[in-house]
Amino acid sequence: MRSCASVRMSPIARVVFALVIEPLRDGSAIAASSPTMRTADSSSISVNAGRPPRERTRGAAGRGRVGMGAAGRRRVRCRCGRTGMPPAGHHRPLDSRRLTTCPSGRSRGCGASPSACRRAHGSFPADGPLPTFEHPARAPCDGAPARRPRPALRPMSAPSAADPLRIADLPSRVGQTVTLSGWVSHLRSSGKIAFVVLRDGTGLLQCVLSRKEVPEEAWTAFGTLTLETSITVTGSVRADARQVGGVELGVSDLAVIGASPLDYPIQPKEHGVDFLLDNRHFWLRTPRQVAIMRIRHEVEQAIHDFFYERGFLRVDTPILTAAIGERSGLFSTEYFDEGNAYLAQTGQLYGEAAAAAFGKIYTFGPTFRAEKSKTRRHLTEFWMIEPEVAFNDTHANMRLQEDFVSFLVQRCVERRQAELKELERDVSRLEKVKAPFPRIDYTDAVATLQRKGSQVTWGEDLGAEDEALLVEDYETPIFICNYPKEAKAFYMKENPADPRTVLCDDMLAPEGYGEIIGGSQREDDHDKLLHRIREEGLPVEAYSWYLDLRKYGTFVHAGFGLGLERTVAWICGTPHIRECIAFPRMMHRLTP
RNA sequence: GGCCGCGUAGCUCAGCUGGUAGAGCAGGUGACUGUUAAUCACCGGGUCACAGGUUCGAGUCCUGUCGCGGUCGCCA
């Protein structure tokens, strides 16, 4: 496989490269330690399912606590010095109601009704035997030296005067009497004993009321409870091995804060995705959604930590812009006497200006695309992270990308075991995501695809099917680099080794999640850039300031854009990125 | 925008070659002192998206409209 073409540099550029870029490379190693042991039981979720799995809302305390960090099993130390979770025994059989495989090979059935599925494939998932999974073998120890251990995490919700007690704090309070508030997530009653499962955003807590032991008012208050009533409970924390968190609350008093009518839309049962999105403001309260949002939060924090530790400056670029950027659809709005303003499709061009001011920068903000895209990989409003580095060439750019993505994934593996388990993510797939990632030249990719039977010809952009064909041979993300000029944006630098192509890369995530990064070295030659702008039929005036960056002290530079929701969807194993943002904006969805 | 599919109870869905509507869950009432989507018994619940057409008769067949989903393209 041919590697990506190298850049031809002037003598001055070579000096700059040696003085500035090489030292940067050394500093860009990942600081995170990486557990190499396998984790507790998990099962894969097919992203190729014809229909996304139905959300099941689970209110019972028997399910995993959310927001507790890696809880439960003791971490062990390997002889190589790394720490991790001990390997589990066998996975439990998959519950037929939760994940089944239709004979067509698609998860959760072929998407057809049971009778139609039986007609088409001979049987329906519930007919077949339940699959069981052996736990994968322990990863071999490579004898690598121990990394510097990461400092211990502060508890997620350390109690303080300003912060009321939360469910996540209770394991350390066994034997104490506590008062805390939350929402009713589930109710059960057996005449003289009653169970209320309380939810407060940090976890679930089973509260037990014995008729003999609680005041009459509290027992009466229990009778009025409905799903999502907000309540305050007082009781004694006691250890109970049957609860996942290890504790339950023996209630001595209970008071209603705010009632919730009986027609609360989300019930502890299956719902369709469309219904759930109509009720997104309530759907967010459910354990699976809480887990996804906590992982998104972890990824966002990891992004800031990664760049902060490497001396990048965060630059917030404008959301209202003149028409500038990429070719795809724009949302427009009136802008005083200036005509139309457009919602930003990228902060990159501003990022390039900032890179000349600060050296290493990144942007983190919402991005708007008005294309009528209706796929599980697209949103009309999504969040993008766009680093831009002065004096980085395309190779340094890709090294930054693979270090960055490895850091984000390993950070989640390290700190979000509980959430990944709630999502039933196959963590062993994520553990393999470590730099370096394979680099495949576009021209080689086309040859490989043609060998695999694709109809693609040199010069075309690769389709989603082609990308899937390329990714199937790898367990880490891969780079496809140096696409034909015509397939890519005007600002990408011409490849000196093959002027038909540009110095760029797409990073494709494994497991069919597709493109999560698009990056390139930028055209730094004023005349070539001007020529490309004219060639694309773009208004030269609008780009005058952008051209100025090449006129006054032009510089080798490169950057990329990472799609936050696509990255989170891949890490979480969700079939659709709409679950990975609190309030998704799609072609047919503007509310809630 | 192209192609494919869906629209039946509050929710998730059955309803086969046309014969006037079904289940589970949710809700109501009752039973039950350890439940984990608790269980059991009984009860209420429908303009089959909308408009035409074919037919003795349409949830079912045909046409159109509307809404939605999947996929492709665009891209992150």
Side-chain angles (χ1 to χ4, degrees), chain A residues 48-52 54-63 95 97-98 111-116 118-119 185-197 204 206 208-213 226-227 240 242-244 248 250 261-279 326-329 345-346 348 367-386 460-461 463-465 467 487-489 506-509 513-519 560-570 575-578 586-589:
Chain A
N48 294 320
R51 179 189 286 199
R54 296 236 150 67
E55 173 75 350
R56 231 186 87 221
T57 58
R58 283 161 292 185
R63 295 295 309 165
D95 185 330
R97 290 172 302 186
R98 307 188 55 186
S113 66
S115 56
R118 279 189 200 100
R119 278 198 295 279
S185 137
H186 210 88
L187 290 164
R188 285 182 294 275
S189 161
S190 299
K192 287 166 189 156
I193 188 166
F195 303 93
V196 181
V197 178
L204 296 171
Q206 172 160 282
V208 186
L209 287 85
S210 171
R211 184 159 198 179
K212 286 187 294 192
E213 294 163 23
T226 57
L227 284 187
D240 187 310
R242 289 167 293 193
Q243 311 306 323
V244 170
E248 66 175 15
L262 282 169
D263 56 358
Y264 182 73
I266 298 189
Q267 303 290 335
K269 64 184 290 298
E270 281 196 1
H271 293 289
V273 169
D274 203 44
F275 174 82
L276 289 166
L277 280 173
D278 285 340
N279 293 282
E326 316 223 356
R327 289 170 284 195
S328 41
Q345 290 181 316
T346 171
Q348 180 207 312
T367 305
F368 307 89
R369 300 276 165 91
E371 293 120 359
K372 296 190 172 179
S373 302
K374 295 192 300 179
T375 82
R376 61 167 177 256
R377 298 187 307 281
H378 288 88
L379 293 167
T380 51
E381 179 182 303
F382 66 97
W383 288 66
M384 188 154 68
I385 292 82
E386 296 180 286
E460 294 173 18
D461 203 356
E465 205 171 308
E467 291 181 356
K488 290 291 174 183
D506 284 353
M507 188 194 288
L508 309 182
Y513 279 90
E515 184 182 347
I516 54 170
I517 281 182
F560 61 91
L562 172 118
L564 180 64
E565 288 79 12
R566 285 187 183 178
T567 304
V568 173
W570 163 47
H576 199 302
I577 63 172
R578 63 190 157 188
M586 299 181 301
M587 206 174 135
H588 296 295
R589 192 168 291 284

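Residue numbers start from 1 in every chain, and the chains themselves are labelled A, B, ... in the order their sequence lines are given, proteins ahead of strands.
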Colleague: OP1, OP2 of B:G70 versus side-chain N and O of A:H576: anything below 4.0 Å?
Modeller: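 A:H576 to B:G70 OP1/OP2: side-chain N or O found under 4.0 Å.
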Colleague: In terms of side-chain heavy atoms of A:Q243, which of B:C75, B:U36, B:G73 is nearest?
Modeller: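 Comparing B:C75, B:U36, B:G73 against the side chain of A:Q243, the answer is B:U36.
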Colleague: In whole angstrom, what separates A:M587's CE from B:G73's P?
Modeller: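 So the CE-P distance, A:M587 to B:G73, works out to 16 Å.
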Colleague: Looking for any heavy atom pair under 4.0 Å, which part of the strands does A:L564 touch: base, sugar-phosphate only, or nothing?
Modeller: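 Nothing, no nucleic acid heavy atom in range.
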Colleague: Less than 4.0 angstrom between a side-chain N/O of A:R578 and OP1 or OP2 of B:G70, yes or no?
Modeller: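 A:R578 to B:G70 OP1/OP2: side-chain N or O found under 4.0 Å.
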Colleague: Given the rule that a pair is Watson-Crick or G-U wobble with both distances under 3.5 Å, how would you write RNA chain B in dot-bracket, using | for pairs to a different strand?
Modeller: (((((((..((((.....[..)))).(((((.......))))).....(((((..]....))))))))))))....
Colleague: Looking only at the side chain of A:F275 (C-beta and beyond, no hydrogens), which of the listed nucleotides B:U12, B:A76, B:U36 gets closest?
Modeller: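 Per side-chain heavy atoms of A:F275, the pick is B:U12.
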Colleague: Just jot down the salt bridge (charged side-chain N to carboxylate O under 4.0 Å, His left out) partners of A:E248, sequence neighbours excluded, or say none.
Modeller: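 For A:E248 the salt bridge (charged side-chain N to carboxylate O under 4.0 Å, His left out) partners, ignoring immediate neighbours, are A:R238.
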Colleague: Choosing from B:U35, B:C68, B:G70, which nucleotide comes nearest the side chain of A:E248?
Modeller: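 Output: B:U35.
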Colleague: Report yes if the side chains of A:V196 and A:L187 come closer than 4.5 Å at any heavy-atom pair, otherwise no.
Modeller: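 Touching, per the 4.5 Å side-chain cut-off.
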Colleague: So, OP1 or OP2 of B:C72: does either fall under 4.0 Å of a side-chain N or O from A:R377?
Modeller: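 For B:C72, OP1/OP2 do have a side-chain N/O of A:R377 under 4.0 Å.
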Colleague: Counting only side-chain heavy atoms from C-beta out, which of B:G73, B:A76, B:G34 sits nearest to A:A464?
Modeller: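 The answer is B:G73, which lies nearest to the side chain.
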Colleague: Counting distance alone, no hydrogens or angles: does the base of B:C32 have a donor or acceptor under 3.5 Å from a partner atom on the side chain of A:R188?
Modeller: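 No such pair is found, so the answer is no.
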Colleague: Would you indicate which nucleotide in B:G1, B:C72, B:U36 comes nearest to any side-chain atom of A:Q206?
Modeller: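 Closest nucleotide to the A:Q206 side chain: B:U36.
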Colleague: Going by ring centres under 5.5 Å and near-parallel planes (under 30°), is A:F195 stacked on B:G34?
Modeller: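 No, A:F195 does not stack on the base of B:G34.
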Colleague: Look at the side chain of A:H588 and decide which nucleotide, out of B:G69, B:C74, B:U33, has an atom nearest to it.
Modeller: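 Nearest listed nucleotide: B:G69.
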Colleague: CG of A:D506 versus P of B:C75: gap in Å, rounded?
Modeller: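 In whole Å, B:C75 P and A:D506 CG are 10 Å from each other.
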Colleague: Between B:U35, B:C74, B:G69, which nucleotide gets closest to the side-chain atoms of A:K374?
Modeller: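 Nucleotide nearest to A:K374's side chain: B:G69.
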Colleague: Could you tell me the separation between the CG atom of A:D274 and the P atom of B:G69, rounded to a whole number of Å?
Modeller: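 Whole-Å distance recorded here is 5 Å.
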Colleague: Of the candidate nucleotides B:C75, B:G1, B:U71, which contains the atom at the shortest distance from the side chain of A:K372?
Modeller: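 It is B:G1.
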Colleague: Less than 4.5 Å apart, side chain to side chain, heavy atoms only: is that true for A:L277 and A:M586?
Modeller: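 A side-chain contact under 4.5 Å exists here.
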Colleague: OP1 or OP2 of B:C75 sitting under 4.0 Å from any side-chain N/O of A:H378?
Modeller: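 Checking B:C75 against A:H378, no side-chain N or O comes under 4.0 Å of OP1 or OP2.
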